[in-house]
Amino acid sequence: MPQPKYRKIAVIGYRSVGKSSLTIQFVEGQFVDSYDPTIENTFNKMISVHGQDFNLQLVDTAGQDEYSIFPQSHSMDIHGYVLVYSVTSMKSFEVVQSLHDKLLDMVGKIQVIKPEEGKKLADSWGAAFMESSAKENETAVEVFKRIILEMEKADGNAPPEEKKCVVM
Ligand SMILES: Nc1nc2c(ncn2[C@@H]2O[C@H](COP(=O)(O)OP(=O)(O)OP(=O)(O)O)[C@@H](O)[C@H]2O)c(=O)[nH]1
């Protein structure tokens, strides 16, 4: 069975369009009739889609308009955005378009350091290089296995040869 994938999703849109109601309907299976403006709420839910388990973190955000500065916290570590508008509010429809533009603008500005650049730097130091994410157990474990092997090498203890299949 594959490990559950962690995914963080932000629900964004104009005020009072139903972001909280939609999120709570999904998480708790109930419709909230009352209106209580959100500052920010986080929900967790496990869901299986096409045989893969997902550990979701849902961020129900405060309502924004076209003049709001897109909060930095909503641009970090988010895997996906749900843009919500109300069918009865033209203003909210305009706001999702403005939010979409802001998102594209932000993504264009995110600088990603390519693995080749990291490798080049490590090579210049004569050090080992690995790209890892603390969100993935496998690559995190690999980092520490690798440093152990490098320390063993430095101590003159060459890693044991992998056993090869011998045919006689
Ligand atoms: N009829 C109807 N009402 C809805 C629907 N979704 C939300 N509402 C109502 O709209 C109001 C606002 O809903 P919220 O979910 O609080 O809206 P929000 O976007 O989270 O609001 P902010 O926190 O201010 O950004 C509430 O009274 C809800 O009951 C819907 O699909 N249909």
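Just follow the structure's listing: the first ligand is 1, and inside any ligand the first atom is 1. On a predicted model such as this, the values are computed, not experimentally measured, just so you know.
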Discussion item. Quick test: of every protein heavy atom, which one is nearest to atom 13 (O) of ligand 1, and how far off is it to 0.1 Å?
Written reply: Ser21 OG, 3.5 Å
Item to complete: Looking only at protein heavy atoms, identify the closest one to atom 26 (C) of ligand 1 and say how far it is in Å.
Response: Ser34 O, 3.6 Å
Worksheet entry | Ion pair Lys45/Glu28, N-O distance below 4.0 Å | no
Item to complete: Please say whether Asp33 places an N or O atom under 3.5 Å from an N or O atom belonging to ligand 1.
Response: yes
Worksheet item: Which residue and non-hydrogen atom of the protein lie closest to atom 24 (O) of ligand 1, and at what distance in Å?
Response: Tyr35 OH, 2.6 Å
Fill in: Lys102 side chain vs Ser68 backbone, donor-acceptor pair below 3.5 Å
yes
Worksheet item: Does an N or O anywhere in Val17 fall below 3.5 Å from an N or O of ligand 1?
Response: yes
Discussion item. For atom 19 (O) of ligand 1, tell me which residue out of Arg15, Lys19, Glu40 has the closest non-hydrogen atom.
Written reply: Lys19
Worksheet entry | Per-atom contacts, ligand 1 versus Pro37 - under 4.0 Å to a heavy atom | 23 (O), 24 (O)
Worksheet item: Do Glu150 and Lys153 sit within salt-bridge range, that is, some charged N less than 4.0 Å from a carboxylate O?
Response: yes
Worksheet item: Between Gln64 and Gly13, is there a donor-acceptor pair closer than 3.5 Å when you use the side chain of the first and the backbone of the second?
Response: no
Practice prompt. For atom 17 (O) of ligand 1, find the nearest protein heavy atom and state the residue, atom name and distance (0.1 Å precision).
Written response: Gly18 N, 3.0 Å
Worksheet item: So, do Thr23 and Phe43 sit near enough that their side-chain heavy atoms are less than 4.5 Å apart?
Response: yes
Worksheet entry | Main-chain N/O of Ser48 paired with Gln52 side-chain donor or acceptor, under 3.5 Å | no
Item to complete: Could you check Glu131 against Lys114 for salt bridge (charged side-chain N to carboxylate O under 4.0 Å, His left out), going step by step and ending with a plain yes or no?
Response: CA-CA 10 Å; Glu131 194 170 75; Lys114 296 194 185 85; over 6 Å; no
Worksheet item: Considering only heavy atoms, does Ser86 approach ligand 1 within less than 4.0 Å through its side chain, its backbone, both, or neither?
Response: neither
Discussion item. Just to confirm my output: which protein heavy-atom neighbour is closest to atom 22 (P) of ligand 1, and how far is it?
Written reply: Ser16 N, 3.6 Å
Worksheet entry | Identity and distance of the protein heavy atom lying nearest atom 5 (C) of ligand 1 | Phe31 CE1, 3.8 Å
Worksheet item: Who else is in Trp125's hydrophobic cluster (ILVMFWY, side-chain heavy atoms under 4.5 Å, direct or via others)?
Response: Leu121
Worksheet entry | Nearest-neighbour protein heavy atom for atom 23 (O) of ligand 1, which is reported as residue plus atom name and distance | Thr38 N, 2.7 Å
Worksheet item: Just to confirm, does any protein heavy atom lie below 4.0 Å from atom 32 (N) of ligand 1?
Response: no
Worksheet entry | Per-atom contacts, ligand 1 versus Gly63 - under 4.0 Å to a heavy atom | 25 (O)
Worksheet entry | Ser86 side chain to Ser89 side chain, donor-acceptor N/O pair below 3.5 angstrom | no
Worksheet item: Under the 3.5 angstrom rule, does the side chain of His79 hit a backbone N or O of Arg7 as a donor-acceptor pair?
Response: no
Worksheet item: How does Val32 reach ligand 1, if at all, at less than 4.0 Å between non-hydrogen atoms: by side chain, backbone, both, or neither?
Response: backbone
